[in-house]
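Only one structure is covered here, and it is reproduced in the block below.
Numbered from 1 within each chain, the chains take letters A, B, ... in sequence-line order.
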There are 2 protein chains.
Amino acid sequence: MRTDLRLVRYFVATAEDLHFRRAADRLGIAQPALSRAIQALETELGVALFIRSNRNVQITPAGRAFLGRAYEILSLMERATEEVRSAHDGRIGSLRIGYTDFAIAGPLPTLLKDFQERQPQITLKPQHGVTLTQMHRLAEGKLDIGFVTGPVSKDGYDQHPVQSERFVCVCADSHPFAERDAICLADLADEDFVHGNSTDWQHFYDYLIPLCRRAGFVPRIVQEAFNTAGILGLVSCGMGVTVLTEDVCSALAPGLVVVPIEDVTERLITSAIWRRDHVVGPTRHFVDYLQALPAPQHPT
Amino acid sequence: MRTDLRLVRYFVATAEDLHFRRAADRLGIAQPALSRAIQALETELGVALFIRSNRNVQITPAGRAFLGRAYEILSLMERATEEVRSAHDGRIGSLRIGYTDFAIAGPLPTLLKDFQERQPQITLKPQHGVTLTQMHRLAEGKLDIGFVTGPVSKDGYDQHPVQSERFVCVCADSHPFAERDAICLADLADEDFVHGNSTDWQHFYDYLIPLCRRAGFVPRIVQEAFNTAGILGLVSCGMGVTVLTEDVCSALAPGLVVVPIEDVTERLITSAIWRRDHVVGPTRHFVDYLQALPAPQHPT
DNA sequence: TGCGCATGATGCCGTTTCGGTATCAAAATT
DNA sequence: AATTTTGATACCGAAACGGCATCATGCGCA
């Protein structure tokens with residue numbers, strides 16, 4: 001038998017009253033039960049906590065030492081109980097948020113800042129990851145909310161669109177396209193492309209490849225880069241052109257030009273996504289926050 | 001049912017393993033018992049601590065919040081258990097020591113200092129009190145060790161002599177006795193006496209009165225004072241003479257003279273005294289310390 | 001001095017809690 | 001499709017807890 005909190009509570013009451021019957025009354029038990037419980041505690045600790053007579057009860061020095069700690073333990077247990085309930089309510093705790101290059105270039109930073117001001121007790125933990133990585137981490141319970149290239153069809157998950165971007169062409173300022181107001185997608189048929197690798201960027205390719213096929217070509221990827229910064233770096237060196245989204249290109253480095261693609265009306269959707277069975281604590285608060293936002297601008 | 005430490009321990013093991021059967025093995029119980037215990041804890045708290053599947057177990061945000069506190073609670077309980085045992089051993093705690101005017105004028109301060117150096121974890125709490133007061137406080141358990149005018153015959157108490165003092169006469173330097181090398185006790189027969197009140201000083205009178213009777217007189221107390229300082233103050237004003245002990249008079253204020261009483265060989269004994277049923281913790285250490293001391297000097 | 005009272009301890013018993021074995025349910029793996 | 005893995009549930013016996021009755025002891029009072 002290990003000392004448990006019931007015995008600690010009984011001990012505290014007895015130490016406060018120094019009278020077994022009165023302490024038992026206070027605890028709502030019979031005096032003999034209290035007598036036995038204190039004896040059990042003394043046996044467990046191997047130390048006499050009280051000196052008893054039929055006239056009075058005195059606490060021993062060891063009992064006095066234990067009393068201070070007993071108060072601390074009971075207080076800490078109460079605090080822990082309160083905090084676990086607060087964490088469940090979502091009033092405290094951490095929120096692990098994944099994001100893609102597209103997400104971080106869009107309204108997400110503003111959203112996070114706003115949410116943080118509303119819920120200062122919640123610690124935000126942003127983590128970069130391509131859509132594929134984020135989906136794995138959601139499944140493993142290592143991520144609470146993902147911001148991914150969507151929409152994603154997956155059972156057990158809910159999502160909410162937060163961003164909708166046009167596709168644009170990006171080329172070096174020395175490229176012929178740089179002089180044009182706009183191009184058509186078919187104009188890219190013979191161009192060398194720079195993009196991300198096919199595994200990490202598979203969700204982006206799920207948009208791009210069908211569009212190009214419909215325009216009659218398969219994009220010729222001549223260079224791969226790790227992320228958008230890498231892609232743009234290669235493009236500015238004249239290695240090729242690329243197709244990205246308008247938000248990613250809103251603040252371009254010198255030497256690069258954004259050219260609209262006038263015959264593509266499809267948009268890249270970035271959605272917040274979470275596991276349906278994980279909407280507790282801070283996650284619930286964040287989901288509620290997202291769903292209270294106006295829908296992303298999406299003109300027809 | 002209130003959350004107890006057994007459930008906290010089970011929770012910690014489960015959170016560490018994230019696998020019910022392995023955690024149960026670790027705890028030395030069957031997996032179903034652990035499953036039920038965690039469910040009971042979740043019911044008690046009203047919060048899900050884990051997400052279960054037949055393939056894996058994940059901890060919820062609330063569970064993570066609770067885990068930190070669980071470690072603290074278990075650690076605090078261990079520390080409390082260790083400390084109560086140390087207090088019983090006497091390695092920590094406090095020691096309430098009573099002392100009379102005679103005791104504090106003798107070797108007691110030196111003893112306390114020495115003991116304190118040997119047991120720095122024990123807090124000494126000295127409390128002045130006449131013998132009668134100290135005996136009450138010992139009986140009430142509000143004092144651990146008394147230093148009283150002894151010997152005391154009282155059941156349930158043990159004592160150890162620490163001090164043995166000759167009786168001396170103290171008078172103002174203008175008094176005729178001041179010119180003498182020594183007096184006899186009978187020389188005090190017609191003198192006005194200054195002393196403590198008969199209640200507080202009853203143990204001292206238990207020595208003095210029989211001695212005076214044997215010398216053929218009853219001392220004429222004309223003035224009472226609260227303590228030795230008060231007595232000596234009145235004597236130096238010429239209100240009368242007094243009989244005290246040599247240690248009390250070892251550092252006299254100007255205007256007072258100590259005159260030996262050559263025909264009195266009896267000595268005032270100051271003894272350490274404690275309740276036999278209270279020799280635990282720091283008290284035990286102090287008693288052991290005292291009993292290891294050489295006996296007080298007591299020439300024949 | 002004897003009796004009554006107060007109070008913690010102990011005995012006996014019923015109720016509740018805890019833990020074990022066996023089994024079920026569901027998902028993943030082979 | 002069969003097997004394996006793993007947490008949940010059912011049934012049962014053991015252990016723990018608490019209540020009532022009673023005992024033991026010391027103190028206070030007449």
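Protein atom CZ of A:Arg21 is 14 Å distant from nucleotide atom P of D:dG19, rounded to whole Å. B:Phe50 places its CZ atom 16 Å from the P atom of D:dT6, with the value rounded to the nearest Å. Rounded to an integer number of Å, the gap from A:Arg52 CZ to C:dG8 P is 9 Å. Rounding to whole angstrom units, CG of residue B:Leu34 and P of C:dT21 are separated by 15 Å. Straight-line distance from the CD1 atom of A:Ile29 to the P atom of D:dA16: 17 Å, rounded to whole Å. Computed from coordinates, the A:Phe20 CZ to D:dC23 P distance equals 22 Å when rounded to whole Å. Atom CD1 in A:Ile38 sits about 11 Å away from atom P in D:dG18, given to the nearest Å. The interatomic distance linking A:Leu41 (CG) with C:dA9 (P) rounds to 13 Å, in whole Å.
Listed by chain and residue number, A:Ala13, A:Thr14, A:Asp17, A:Leu34 satisfy the side chain to side chain contact (heavy atoms under 4.5 Å, CB included) test with A:Ala23 (two or more places apart in sequence, or in another chain). Considering only residues two or more places apart in sequence or on other chains, A:Asp25 meets the salt bridge (charged side-chain N to carboxylate O under 4.0 Å, His left out) condition with A:Arg21. Under the salt bridge (charged side-chain N to carboxylate O under 4.0 Å, His left out) criterion, B:Glu224 pairs with no residue at all, not counting sequence neighbours. Taking the salt bridge (charged side-chain N to carboxylate O under 4.0 Å, His left out) definition, one finds that B:Arg55 meets it with nothing, sequence neighbours left out.
Between B:Leu268 and B:Thr149 the shortest heavy-atom distance is CD1-CG2, 3.5 Å.
If A:His19 and B:Gly28 are placed on DNA chain C by their nearest nucleotide, the residue sitting closer to the 5' end is A:His19.
Side chain to side chain, A:Glu82 and A:Ser86 meet the donor-acceptor criterion of an N or O pair below 3.5 Å.
Note on B:Ala30: a base of the nucleic acid sits closer than 4.0 angstrom, heavy atoms only.
Residues from residues 55-63 of chain B placing a heavy atom under 4.0 Å of any atom in DNA chain D, listed by number, are B:Arg55, B:Val57.
Note that CG of A:Leu111 is 9.0 Å distant from CD of A:Gln163, once rounded to the nearest 0.5 Å.
Contact between the side-chain N/O atoms of A:Gln39 and the OP1/OP2 oxygens of C:dG8 is not found at any separation under 4.0 Å. When the side-chain nitrogen and oxygen atoms of A:Tyr10 are compared with OP1 and OP2 of D:dC17, none of them lie within a distance under 4.0 Å.
Checked for salt-bridge contact, A:Glu72 and A:Arg69 meet the test: a charged N lies under 4.0 Å from a carboxylate O.
Within 3.5 Å, a donor on the side chain of A:Arg36 pairs with an acceptor on the base of C:dG11, or the reverse. Contact of A:Arg6 with D:dG18 (side chain to base): no donor-acceptor pair of N or O atoms is detected under 3.5 Å.
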Under 3.5 Å between N/O atoms: give me all the protein pairs with nucleotides 22-26 of chain C, atom names plus distance.
residue	atom	partner	partner atom	Å
C:dA26	N3	B:Asn54	ND2	2.8

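A perpendicular orientation is assigned to the rings of B:Trp201 and B:His195, their planes being inclined by more than 60° (bins at 30° and 60°).
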